[in-house]
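Just below is one structure, and these are the notes that go with it.
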Amino acid sequence: GKTTPVIIENKYSNFSTTSRIPDDEENFFIKKRAYGFSEVLIESSNSKSDFNDYSVERISKILNLIKTRTSELYSEKDIKYVFTFKNKGEEVGSSIQHPHMQIYGMPFVPSVIQKEIENSKTYFSNKGKSLFQDIIDQEKIDKQRIIIDNNDFITFVPFFARWAYEVNIMCKSEIQNIVDLDAVSV
């Protein structure tokens with residue numbers, strides 16, 4: 001077996017780097033090649049382990065692997081957005097028993113993220129401060145949804161949660177993505 005954590009290609013990929021289907025924007029039904037990367041990060045070879053059982057060392061290895069792969073994917077010519085997420089169990093469509101995350105390198109910024117970027121720019125333009133810092137400040141005042149709050153990060157269930165078990169992890173310093181984190185934070 002492979003040493004974990006390790007990243008492998010997703011067997012049920014949503015994207016492909018070898019798609020031969022040509023773009024067709026001339027017809028009513030527009031077709032675009034599903035170019036991109038769809039990968040699985042196997043966290044542990046122990047199928048019964050869980051993220052909250054990992055040592056700080058293992059979590060750091062996982063985060064550094066995500067950081068490195070995110071940087072690599074952003075260096076690909078047509079990749080515009082990298083999305084890492086964790087899903088667990090059959091109820092969310094997971095076909096892998098081992099604890100894992102997925103990493104997508106996409107040729108577009110998803111509309112929900114694009115809207116979030118636009119809204120945060122508008123908020124800054126109107127208020128002169130960061131929307132995300134204000135969310136952190138309000139969560140600290142509210143204290144109802146906070147899971148962990150330390151010097152570098154705050155973790156909470158968002159007021160506007162879209163999914164069961166959704167959790168936001170926000171860095172308290174202004175960064176664009178995980179690639180910008182320093183070694184201490186990771």
Phe132 and Ser120: which non-hydrogen atoms are nearest, and at how many Å? CE1-CB, 3.7 Å
Measuring from atom CD1 of Ile146 to atom CD1 of Ile148, what distance do you get when rounded to the nearest 0.5 angstrom? 11.0 Å
Got a second to check how far Asp152's CG is from Ile175's CD1, nearest 0.5 Å? 10.0 Å
Checking Phe83, Tyr81, Phe37 against Leu73 for side chain to side chain contact (heavy atoms under 4.5 Å, CB included), the one that qualifies is Phe37
Would you please test Lys115 and Val112 for side chain to side chain contact (heavy atoms under 4.5 Å, CB included) and show each step? CA-CA 5 Å; Lys115 188 73 172 163; Val112 69; 5.7 Å; no
Around Gln114, counting heavy atoms of other residues, nucleotides and ligands shown, do more than 12 lie under 6.0 Å from its CD? yes
How long is the straight-line distance from CD1 of Ile178 back to OG1 of Thr84, given to the nearest 0.5 Å? 7.0 Å
Under the salt bridge (Lys or Arg N to Asp or Glu O under 4.0 Å) definition, can you give me all pairs with a residue in residues 138-148, not counting sequence neighbours? Glu139-Arg145, Lys140-Asp149, Asp142-Arg145
Taking all atoms of both residues into account, what is the closest heavy-atom pair of Thr4 and Ser45, and its distance? OG1-N, 3.4 Å
Determine, stepwise, if the pair Glu43 / Lys86 fulfils salt bridge (Lys or Arg N to Asp or Glu O under 4.0 Å). CA-CA 10 Å; Glu43 299 166 16; Lys86 179 167 180 59; 2.8 Å; yes
Taking only distance into account, with no hydrogens and no angle test, what donor-acceptor pairs under 3.5 Å do side-chain atoms of residues 154-163 form with protein atoms, sequence neighbours excluded?
none

Identify, with sequence neighbours excluded, every residue that meets ring pair (Phe, Tyr, Trp, His ring centres under 6.0 Å) alongside Phe108. none
Flag the pair Glu116 / Asn119 as yes when at least one side-chain heavy-atom distance between them is below 4.5 Å, and no otherwise. no
pair Gln102-His100: side-chain heavy atoms closer than 4.5 Å: yes
Does Leu41 reach the side chain of Val6, with side-chain heavy atoms less than 4.5 Å apart? no
A side-chain contact here means heavy atoms from C-beta on lying under 4.5 Å apart; do Lys172 and Asn151 qualify? no
Do you know the tightest heavy-atom contact between Asn27 and Asp24? ND2-OD2, 2.6 Å
Whether Ser60 side chain and Val56 backbone form a donor-acceptor pair below 3.5 Å: no
Can you tell me if OH on Tyr165 sees more than 12 non-hydrogen neighbours from other groups inside 6.0 Å? no
For the CD atom on Glu166, are there more than 12 heavy atoms of other groups (residues, nucleotides or ligands in this structure) within a distance under 6.0 Å? yes
Candidate pair Arg69 and Glu72, rule salt bridge (Lys or Arg N to Asp or Glu O under 4.0 Å), full reasoning: CA-CA 5 Å; Arg69 188 60 184 142; Glu72 291 168 354; 2.9 Å; yes
If every non-hydrogen atom of Gly36 is compared with every non-hydrogen atom of Ile79, which pair is closest and at what distance? CA-CD1, 4.1 Å
For Leu65, is there any backbone N or O sitting under 3.5 Å from a side-chain donor or acceptor partner on Thr68? no
Exercise: identify the closest heavy-atom pair between Phe51 and Met101: CE1-CE, 3.6 Å
Does Cys171 form a side chain to side chain contact (heavy atoms under 4.5 Å, CB included) with Leu181? I'd like the steps, not just the answer. CA-CA 9 Å; Cys171 186; Leu181 285 177; 4.0 Å; yes
Tyr35 vs Ser16, test: side chain to side chain contact (heavy atoms under 4.5 Å, CB included). Steps then yes/no. CA-CA 5 Å; Tyr35 174 82; Ser16 170; over 6 Å; no
What one should report as the nearest heavy-atom pair of Ser44 and Arg58 is CA-NH1, 4.2 Å
Taking C-beta and beyond as the side chain, do Glu39 and Asn10 meet within less than 4.5 Å on heavy atoms? no
Report whether Val179 and Met170 are members of the same hydrophobic cluster (ILVMFWY, side-chain heavy atoms less than 4.5 Å apart, transitive linking). no
From CG (Leu131) to CD1 (Ile136), nearest 0.5 Å: 10.0 Å
State the CG-OG1 distance between Asp78 and Thr17, to the nearest 0.5 angstrom. 11.5 Å
Could you go through the side chain to side chain contact (heavy atoms under 4.5 Å, CB included) check for Val82 and Met106 one step at a time? CA-CA 6 Å; Val82 178; Met106 300 183 267; over 6 Å; no
Which value, rounded to the nearest 0.5 Å, describes the distance between Ser173 atom OG and Phe153 atom CZ? 7.0 Å
Centroid-centroid under 6.0 Å between Tyr104 and Phe15 rings: yes
For the hydrophobic clusters of this structure (ILVMFWY residues joined by side-chain heavy atoms under 4.5 Å, transitively), does one cluster hold both Ile135 and Ile147? no
Just wondering, more than 12 heavy atoms not from Glu118 lying within 6.0 Å of its CD? yes
Contact between Ile42 and Val40 at the side-chain level, heavy atoms closer than 4.5 Å - yes or no? yes
Using only atom types and a distance under 3.5 Å, with no angle test, would you say the side chain of Asp180 pairs donor to acceptor with the backbone of Gln176? yes
